[in-house]
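Worksheet for the structure shown next.
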2 protein chains.
Amino acid sequence: MANTTDSAAAARQPLRIALAGLGTVGAGVIRLIAANGDLIARRAGRPLEITAVSARNRSRDRGVDLTAYAWEDDMTQLAAREDVDVVVELVGGSDGPALTLARNAIRHGKALITANKAMIAHHGLELAAEAEGKGVPMRFEAAVAGGIPVIKGLREGAAANRIERLYGILNGTCNFILSTMEDTGRDFADVLAEAQAKGYAEADPSFDIEGTDAAHKLSILSAIAFGTRIDFANVDTAGISRILAADIAQASSLGYVIRLIGMAEADAGENGAPGLFQRVQPHLVPVDHPLAHVDGATNAVVAEGNFSGRLLFQGAGAGDGPTASAVVADIIDIARGYDAGFEKDATFSITVADLEDMPTAPSGHRRGRCYIRFVVADRPGVLAEIAAAMRDAGVSIESLIQKGRPDDGEQVMVAMVTHEGPESAVTEALRLLEGSPSLIAAPLVMQILGK
Amino acid sequence: MANTTDSAAAARQPLRIALAGLGTVGAGVIRLIAANGDLIARRAGRPLEITAVSARNRSRDRGVDLTAYAWEDDMTQLAAREDVDVVVELVGGSDGPALTLARNAIRHGKALITANKAMIAHHGLELAAEAEGKGVPMRFEAAVAGGIPVIKGLREGAAANRIERLYGILNGTCNFILSTMEDTGRDFADVLAEAQAKGYAEADPSFDIEGTDAAHKLSILSAIAFGTRIDFANVDTAGISRILAADIAQASSLGYVIRLIGMAEADAGENGAPGLFQRVQPHLVPVDHPLAHVDGATNAVVAEGNFSGRLLFQGAGAGDGPTASAVVADIIDIARGYDAGFEKDATFSITVADLEDMPTAPSGHRRGRCYIRFVVADRPGVLAEIAAAMRDAGVSIESLIQKGRPDDGEQVMVAMVTHEGPESAVTEALRLLEGSPSLIAAPLVMQILGK
């Protein structure tokens, strides 16, 4: 960090940006700075200037003119350039060139901005510790929830609060699929194929639909909200691929919609020791809850602070424009000098050295209501078998419906909603039913989102 | 601003706070810092320490212990104290001691934090110009939308965007009244009395229910969103006191709820010159719009950026906890040194000297759909008279309903929704009907919130 005289001089100079990765988001950043550059210069007190770029393929047409920028074939070399103040990493991938570039940027004392949730989830602590040690800022607003300034909202806007619970819709692909299934009554595979055709889902959609992407984002938000070390490995993660059109219809008839929810809570464990609970799972969301109205590729995050109460941040969870908006917001923070006052910047709201290494809270002692759906053979005694397992495990059933599946006369769907009780009881009931020849598929359990 | 060595030393020292005004919010700030102080010190890199306080009445029991703090009988003297780095003004009122204290704080080089929307709406430009000239930060997150970090969201989170439209629910009292009327079918006066009894509405509720409070907040948000000088005087303001239970029922049957919406837009005028349009008015909000689900004292703000798309910020609009949360978030920004990088801090996202003095955009050329409700005498020909005025002014009616008022057999309510058209045509139609003996009360016009 420079002294006042140097800072004042620097403030008049353009902030020089190297851009690695020129996919839709990278091209979006170029377009944004071209379109809004004058306004941004007034807001930041200095212009933003892209000086150098790199991508895997130099010749691809991206619809933006790159001739004004220096080109590096080896993107990791961007960090070493004299004419660069900020390195923006938009390459993606938790390791490989993205990680090498990020490390190089920090070593060369350049501010690092990234949209790479996988890299932050896996290597964010290491990178932030290096950045804090070197006194260079590292920012990643675009890594979570696209254009929504939720990292800033938690790190700064809610900084006065102990966050009691954090949850939200963190994956636009899943939300598009679920809300389309809801609107059309169509099945998962059918809607997934449409999403892939429209470019809303990747050719290999597993990162999205199995909840990994949401878990990356949740682990980053948890660190900021609860002051804990990022713990992606212990996010209890389930995806949406087993949800049937019939589940959505059933939930609807009970007054719920189904959404993939990432949730984290600093939780007193059974022995009273604090633990961090992190889960990504499809939930039943009551129709009068704000998250029930989050449709399409929209994301939304709720943070419950001990003084603020419930804060909701909502917006576009992906797309070149929104993601570029978040990337450039980080750049503007640097241009304005929001990092300059720190002795050590607190990357995750607290410096890495001060983050707590909180154990994982077990889910078993959690209490709640849930939806359980079985697909069973259509023969006498199956319902009695399920009901007995519930009784023996101490699960109290609030409502139950049994329905033939229209596409298969030999299969029956049994769906129930439980009264509030320990999750461990539900686990026990399903254990009792394990291996039963009556069950045609593994049961599906979804928690019901509490108020 | 100090150089690096001084900053590093200062960062280890507590940030010393003077608190003026010890009402519910002031007491909330004291409670918050007591409850979350350790966590905040970890986040801010230094402890927050309240050193001096002042209020009108020293002896009143506020449920908080004041003995550790120096007391000033004259609150404006807090600014002169050697043991104060930040002055927090929670006195209220656009002028008087609050304004004197704010000016004194800046003159003495103290950071100024305030929750005073009326003072910022009326004197914010003058205060910010002085603060920017002296190089001291001035922050007012708590002045708009309680605990929601919407000023930070606009000023920083959305800083990369040209904001195209900004609108929201900015007054919790009105929203409580409207959503209670909706839930219960009760009349305005009845619900207002309940709100007053519960402390949700002031004894003199006119600032809230006539839209002034929302207009204060809107004018502040407009400056930040559009880079324009605060122009409270030209907010076109209407309140909610003329809304009948029958209007709410009518809106509901058409698929809308009624909300008091503050809206601002940088608008090309009839001659193409840019103008700033600012309006506070009850609107019909489609039930599938996110704002339709904002109930009770909740606030919500939508900002539409040219890259971010629609961003929604929602949370508690008032109350001691949420407001204290916003006040202390501002204090933490100062403690972290987020102001230290600025040559001149950009109080409204852009420095005051650079804000545009944009003329007011006229409403007449705006296009939209609206709801118009008449209370008329129950006699032949009245409907024909209204319909003729609409036809002559070129207003196209989408739907119309005529209903006897249950409480008065001689009065009839005529409510209509127009097709999209110029607002000037509606104004003209009402002008044609002005003075008609058929009209028992002035017609009520509410815009329909577009997608």
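This one's a predicted model, so the numbers in the text were calculated from it and none came from an experiment. What you see below is based on every heavy atom in this structure, not just the backbone, and it leaves out hydrogens, waters and symmetry mates. All chains are named by letter (A, B, ...) in the order of the sequence lines, taking the proteins before the strands, and each is independently numbered beginning at 1.
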Heavy-atom closest pair (A:Arg336 atom, B:Ala159 atom, distance to 0.1 Å) is NH1-CB, 4.2 Å

Under 4.5 Å to a heavy atom of chain B? For A:Leu32 that would be both

Could you tell me which of B:Ser308, B:Gly305, B:Ala292 has the largest number of non-hydrogen atom pairs under 4.5 Å with chain A?
-> B:Ser308

Proximal component of B:Ala300, with respect to chain A [non-hydrogen, under 4.5 Å] = neither

Chain A shares the most heavy-atom pairs under 4.5 Å, among B:Ala160, B:Pro322, B:Gly147, with B:Ala160

Nearest 0.5 Å, what's the OG1-CZ distance between A:Thr351 and B:Arg43?
-> 12.5 Å

Checking B:Glu356 against chain A: side chain, backbone, both or neither under 4.5 Å from a heavy atom?
-> both

Top of A:Gly28, A:Gly321, A:Gly319 for chain B proximity - count of heavy-atom pairs under 4.5 angstrom = A:Gly321

Go through B:Ala326, B:Ser325, B:Gly315 and name the one with the most non-hydrogen pairs under 4.5 angstrom from chain A.
-> B:Ser325

Pick whichever of A:Thr323, A:Asn306, A:Ile148, A:Val150 has the most heavy-atom pairs under 4.5 Å with chain B.
-> A:Asn306

Contact origin within B:Asp295 toward chain A - heavy atom pairs under 4.5 Å = neither

Contact summary for A:Ala329 and B:Gly157, nearest pair of heavy atoms = CB-O, 3.5 Å

Is there a side-chain contact (heavy atoms from CB on, under 4.5 Å) between A:Phe313 and B:Leu312 once you walk through the steps?
-> CA-CA 6 Å; A:Phe313 303 87; B:Leu312 170 69; over 6 Å; no

So which of A:Ile40, A:Asp354, A:Val328, A:Asn161 has the biggest tally of heavy-atom pairs under 4.5 Å with chain B?
-> A:Asn161

Interatomic distance, A:Gln314 atom CD to B:Arg310 atom CZ [nearest 0.5 angstrom] = 8.5 Å

In a check of side-chain contact (heavy atoms from CB on, under 4.5 Å) between A:Phe307 and each of B:Asn36, B:Asp320, B:Val327, which one passes?
-> B:Asn36

Would you please test A:Asp333 and B:Glu156 for side-chain contact (heavy atoms from CB on, under 4.5 Å) and show each step?
-> CA-CA 7 Å; A:Asp333 268 9; B:Glu156 302 165 26; 4.1 Å; yes

Report yes if the side chains of A:His293 and B:Pro290 come closer than 4.5 Å at any heavy-atom pair, otherwise no.
-> no

